[in-house]
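Since the structure comes first, as structure tokens, the remarks are kept for the end.
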Amino acid sequence: MSARIIDGNALSQKVREDIAQGAAELIKQGVQPCLAVILVGDNPASAVYVRNKVNACEKAGFRSLKFTFPVEVAPDEVFDKIAELNADPSVHGILVQLPLPRQFDENKVLEAISPEKDVDGFHAENFGLLLQGRKSFYPCTPWGVMKMLEAENVQLSGMEAVVIGRSNIVGKPMAVMLLSQGATVTVCHSKTRDLHFHTRRADLVVAAIGKPRFLTGDMIKPGAVVIDVGINRLPDGKLCGDVDFESAREVAGAITPVPGGVGPMTITMLLANTLESARRVAAAKA
Ligand code: GUN
């Protein structure tokens with residue numbers, strides 16, 4: 001049996017159409033959603049992600065601002081830019097692309113962004129609200145995964161879910177979101193003793209490991225939903241996920257491809273958060 005392919009491009013396009021319509025309505029009220037992106041250094045993958053984010057803004061009718069700093073920049077220069085953007089009422093979302101060069105304390109940078117403009121959902125205040133099950137800006141990648149599961153009618157309540165990876169960007173918020181929907185969640189990571197044991201009894205596996213084709217078909221329960229958050233570049237330049245797609249698709253019930261799975265949804269949810277932030281500003285003005 002071959003798994004159903006969960007098409008992130010198609011869902012993304014549908015959601016982005018609604019977002020563009022929402023932006024057009026706000027513009028009529030005199031508020032154009034605006035995302036400011038800060039890129040520090042010359043990480044090629046980060047440069048691609050930032051370019052995709054800026055392009056997506058433009059397609060949705062948002063304004064976007066991009067600020068680039070050299071790799072050896074003094075952190076204060078970046079903090080000054082964040083402070084300026086925090087104070088600018090025409091800016092609704094601020095994103096500092098991670099990872100940052102060594103001289104930065106990433107947590108301090110994320111804390112410097114006003115929680116009302118933290119459209120990445122990385123500020124401790126927004127993270128805390130998420131943990132408490134309260135409204136906040138949700139981190140875009142796990143929120144995109146939740147949207148995909150919803151669109152696929154995956155009934156999370158009572159499900160055995162295994163998240164592989166414990167990062168602040170994906171693994172931890174993913175586990176919390178699944179938990180809030182009633183799944184029984186196990187978080188596995190590099191120190192987990194018997195990963196196969198956990199993944200083979202999971203109805204849902206979310207792979208956010210950062211290792212190409214790590215999760216193979218023999219590690220998956222027949223019929224399980226497999227979500228691949230990985231984006232890895234192979235020596236031949238091609239992209240692949242953390243899941244070995246060819247073997248996994250023979251066992252899984254549904255699976256996301258790479259590219260064209262979770263990736264486009266991450267940017268879509270960034271647009272959704274920025275639109276929401278702009279809506280709050282418009283509502284406060286009215
Ligand atoms: N680096 C990898 N993923 C992300 C993300 O979602 N947001 C930011 N700001 N940096 C990242």
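Start at 1 and go down the list; that is how both ligands and their atoms are numbered. Position 1 is the first residue of the sequence, and the numbers go up from there. In this text the structure is predicted, and so the values were computed from the model without any measurement.
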Going by the order shown, which atoms of ligand 1 are within less than 4.0 Å of some heavy atom of [X]?
X      : value
Val96  : 8 (C), 9 (N)
Leu95  : 9 (N)
Phe122 : 5 (C), 6 (O), 7 (N), 8 (C), 9 (N)

* To do: Examine the side chains of Arg213 and Ser247 and answer whether a donor and an acceptor come within less than 3.5 Å of each other.
  =>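 No, no side-chain donor-acceptor contact under 3.5 Å.
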* For residues Thr268 and Ser12, is any side-chain donor paired with an opposing acceptor at under 3.5 Å? ->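 Their side chains do contain a donor-acceptor pair, which is all the 3.5 Å distance test asks for.
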Quick one: look up the protein heavy atom nearest [atom] and list residue, atom name and how far away it is.
atom                    : value
atom 1 (N) of ligand 1  : Leu98 O, 3.0 Å
atom 9 (N) of ligand 1  : Asp120 OD2, 2.6 Å
atom 11 (C) of ligand 1 : Gln97 NE2, 3.4 Å

* Would you say ligand 1 has an N or O under 3.5 Å from any N or O of Thr266? ->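 In fact, backbone or side chain, Thr266 has no N or O that close.
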* Could you tell me whether Pro99 and ligand 1 have an N or O pair separated by under 3.5 Å? =>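 No, there is no polar N/O contact under 3.5 Å.
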* Asked: Counting heavy atoms only, which part of Lys53 comes closer than 4.0 Å to ligand 1: side chain, backbone, both or neither?
  ->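 Side chain only.
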* To do: Considering only NZ, NE, NH1 and NH2 on the basic side and carboxylate oxygens on the acidic side, decide whether Lys81 and Glu84 come within less than 4.0 Å.
  =>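 The answer is yes: the pair qualifies as a salt bridge.
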* Asked: Would Glu160 and Lys221 pass as an ion pair if we require N to O under 4.0 Å?
  ->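 Looking at Glu160 and Lys221, the cut-off is not met.
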* To do: Carefully, step by step, assess Gln155 and Ser157 under the rule side-chain hydrogen bond (donor to acceptor under 3.5 Å, both in side chains).
  => CA-CA 6 Å; Gln155 301 302 314; Ser157 185; over 6 Å; no
* Hey, does Asp242 have a side-chain heavy atom less than 4.5 Å from the side chain of Asn232? ->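 Yes, at least one pair of side-chain atoms sits under 4.5 Å.
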* Quick one: is the NZ or CZ of Arg16 closer than 6.0 Å to the six-membered ring centre of Phe62, and within 45° of its axis? ->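 Not satisfied by the 6.0 Å and 45° rule.
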